[in-house]
*Asks:* 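Next up is a structure, given as structure tokens.
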Amino acid sequence: MDRNIWVCGEVLIDLIPIERKPNVPKKAIVGGGPANTATALAKLGCTTFFIDGISTSDDFGKSCQEYLIKNGVDLSLAYFVSKPTSTADVTLDENGGASYIFTFDGTATFDYLESWLPTTNLPDLLHIGTLATIIEPGASILLKWARELSKNIPIVLDPNIRPTVISDNVKYQSYIEPWIEIAQFIKVSEDDINWLYPNKSEKEIIFNWINLGAKLVVVTRGSSGISGYYSINQEIKKVHVSGVKIQVVDTVGAGDTVGAILAKEIVTNPNFYLDSKKLENNLRQAAIAAAMTCSRAGANTPTSEELNAATLEFEKKGNVF
């Protein structure tokens, strides 16, 4: 049976330094967490529809459109409008970690309207997150829309916290927590949790999210691996896999790759997380896929064939690269 996934959120242009040095030239690469996830899903063989505004008035918009289509993403649910494309000015630290300064006011990227958001022919899953959940007025429109969808389909939420956009963590909580309440699956980084709730333990946060209705919470920890939390008989269980050692080029798109692996498994086997071995296998595959993305410049996620080959190599040697 064919499964399809909706991914909602921004596609924009990442302006990435060509070297990890100050004041170096930057190259324009199509990015945005949700766009990275949509691309990753399509490259993994999933029927993937992308929902966002795409500019028809600048070359960046054309690049976004061409890139998504080239990678197999369906844009029939996208909204084409003559406003500019949002950009993210990227800075890389010495370890390849990325930080962003965004331009998004008045752009096509965040032009969400009830009039064009799809409400029929629902998919098997909606994946949503990053800036689209906090940039107003679109964020409120999307929340109302997604709340209705959540009555019929599962939602995967990736908050993908951006402190450079909202620096007040309490204010950020007010945006994210309504999304937590409607999400069945949450993918979040350890850094995001620590920034969002500096005075709470991870255990306390996870317990609260699961009590609010989350079936599975996946926490990425960079080179330290990935953890998955779920509840059985009102007891929270944890499964953890180690990170895969690789030579990091940059970390752009690593978390988005994990979200794609998770979403694909959910539509294939909705209750996989209740089997600790199946969850462990999924998290390990996600760790391998994320490592492959980190070994390449930008959000260059692996294809299904590349990931299968790398997974076999991992099983043989205990390392991919």
Side-chain angles (χ1 to χ4, degrees), residues 7 9-10 14 31-37 40 88 90-93 95-100 102 127-134 155-167 169 172-173 175-177 179-180 183 185-210 214 216-230 238-246 248-263 273 279 282-295 298-299 301:
V7 178
E10 66 272 10
D14 287 331
N36 296 339
T37 299
V90 181
T91 300
L92 301 176
D93 63 25
N95 298 315
S99 58
Y100 306 82
F102 297 93
H127 184 290
I128 192 166
T130 318
L131 290 172
T133 59
I134 64 169
I155 291 180
V156 178
L157 172 68
D158 182 358
N160 211 359
I161 303 300
R162 299 301 191 213
T164 55
V165 178
I166 297 178
S167 59
N169 67 320
Y172 218 122
Q173 291 169 25
Y175 279 101
I176 293 301
E177 288 175 353
W179 287 97
I180 298 293
F185 301 90
I186 302 168
K187 196 287 296 179
V188 65
S189 74
E190 183 179 43
D191 289 343
D192 286 349
I193 287 179
N194 291 337
W195 182 87
L196 197 59
Y197 297 101
N199 300 317
K200 293 184 179 181
S201 68
E202 180 174 295
K203 182 179 180 180
E204 183 180 3
I205 295 163
I206 299 301
F207 182 82
N208 182 49
W209 287 358
I210 289 178
L216 173 67
V217 179
V218 172
V219 181
T220 60
R221 307 183 189 281
S223 61
S224 297
I226 307 174
S227 302
Y229 297 88
Y230 62 101
K238 176 183 177 181
V239 172
H240 179 80
V241 299
S242 301
V244 177
K245 295 181 180 179
I246 46 94
V248 175
V249 174
D250 64 55
T251 63
V252 178
D256 308 318
T257 306
V258 173
I261 297 293
L262 174 62
Y273 60 92
L279 176 56
N282 180 256
L283 296 180
R284 181 173 293 109
Q285 188 176 59
I288 294 169
M292 296 177 74
T293 301
C294 289
S295 72
T301 63

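No experiment lies behind these values; they were computed from the predicted model shown.
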*Asks:* Would you compute the distance between atom OH of Y230 and atom CG of L279 and round it to the nearest 0.5 angstrom?
*Replies:* 6.5 Å
*Asks:* Just verifying a value: how many Å separate S201 OG and I206 CD1, rounded to the nearest 0.5 Å?
*Replies:*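 Answer for the OG-CD1 pair, S201 versus I206, is 9.5 Å.
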*Asks:* Can you list everything that forms a ring-ring contact (aromatic ring centres under 6.0 Å, His included) with Y172? Sequence neighbours excluded, please.
*Replies:*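 Partners of Y172 under the ring-ring contact (aromatic ring centres under 6.0 Å, His included) test: W195.
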*Asks:* Please determine which of D158, L216, I226, D192 meets the side-chain contact (heavy atoms from CB on, under 4.5 Å) test together with K187.
*Replies:* D158
*Asks:* Between R221 and E202, is there a salt bridge with N-O shorter than 4.0 Å?
*Replies:*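 Looking at R221 together with E202, the answer is yes, because their closest N to O distance falls below 4.0 Å.
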*Asks:* Set out, in order, the CA-CA distance, both residues' side-chain angles and the distance that settles side chain to side chain contact (heavy atoms under 4.5 Å, CB included) for V239 and Y273, then state yes or no.
*Replies:* CA-CA 10 Å; V239 172; Y273 60 92; over 6 Å; no
*Asks:* Measuring from atom CD1 of I186 to atom CD1 of I155, what distance do you get when rounded to the nearest 0.5 angstrom?
*Replies:* 11.0 Å
*Asks:* Grab the two heavy atoms, one from T220 and one from S189, that are nearest each other, plus how far apart they are.
*Replies:*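 It is OG1-CA, 3.2 Å.
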*Asks:* So which atom in L157 and which in G129 form the shortest heavy-atom distance, rounded to 0.1 Å?
*Replies:* CD1-CA, 4.3 Å
*Asks:* Begin with the C-alpha distance, continue with both residues' side-chain angles, and end with the deciding distance and a verdict on side chain to side chain contact (heavy atoms under 4.5 Å, CB included) for T133 and Y175.
*Replies:* CA-CA 7 Å; T133 59; Y175 279 101; over 6 Å; no
*Asks:* Please find the pair of heavy atoms, one from T301 and one from T293, that lie closest to each other, and give the distance.
*Replies:*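 That closest heavy-atom pairing would be CA-OG1, 3.6 Å.
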*Asks:* About how many Å separate CG of L131 and CD1 of I161, when rounded to the nearest 0.5 Å?
*Replies:* 10.0 Å
*Asks:* Can you name the nearest heavy-atom pair linking N36 to G253, along with the distance?
*Replies:*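 Residues N36 and G253, closest heavy atoms: ND2-CA, 3.9 Å.
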*Asks:* Taking all non-hydrogen atoms of both residues into account, name the closest pair between A254 and A290 and its distance.
*Replies:*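 Heavy atoms only, the tightest pair is O-CB, 3.8 Å.
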*Asks:* Which heavy atom of G32 sits nearest to which heavy atom of D14, and what is that distance?
*Replies:* N-OD2, 4.1 Å
*Asks:* Is a side-chain N or O of N169 found less than 3.5 angstrom from the main chain of L196, in a donor-acceptor match?
*Replies:*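 Yes, N169 side chain to L196 backbone: donor-acceptor pair under 3.5 Å.
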*Asks:* The criterion is ring-ring contact (aromatic ring centres under 6.0 Å, His included); which residues satisfy it with Y229, sequence neighbours excluded?
*Replies:*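 Residues passing ring-ring contact (aromatic ring centres under 6.0 Å, His included) with Y229: none at all.
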*Asks:* Rounded to the nearest 0.5 Å, what separation is found between the CD atom of E177 and the OH atom of Y197?
*Replies:*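 Taking CD in E177 and OH in Y197, the distance rounds to 3.5 Å.
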*Asks:* How long is the span from the CG atom in N199 to the CG atom in N194, to the nearest 0.5 Å?
*Replies:* 11.0 Å
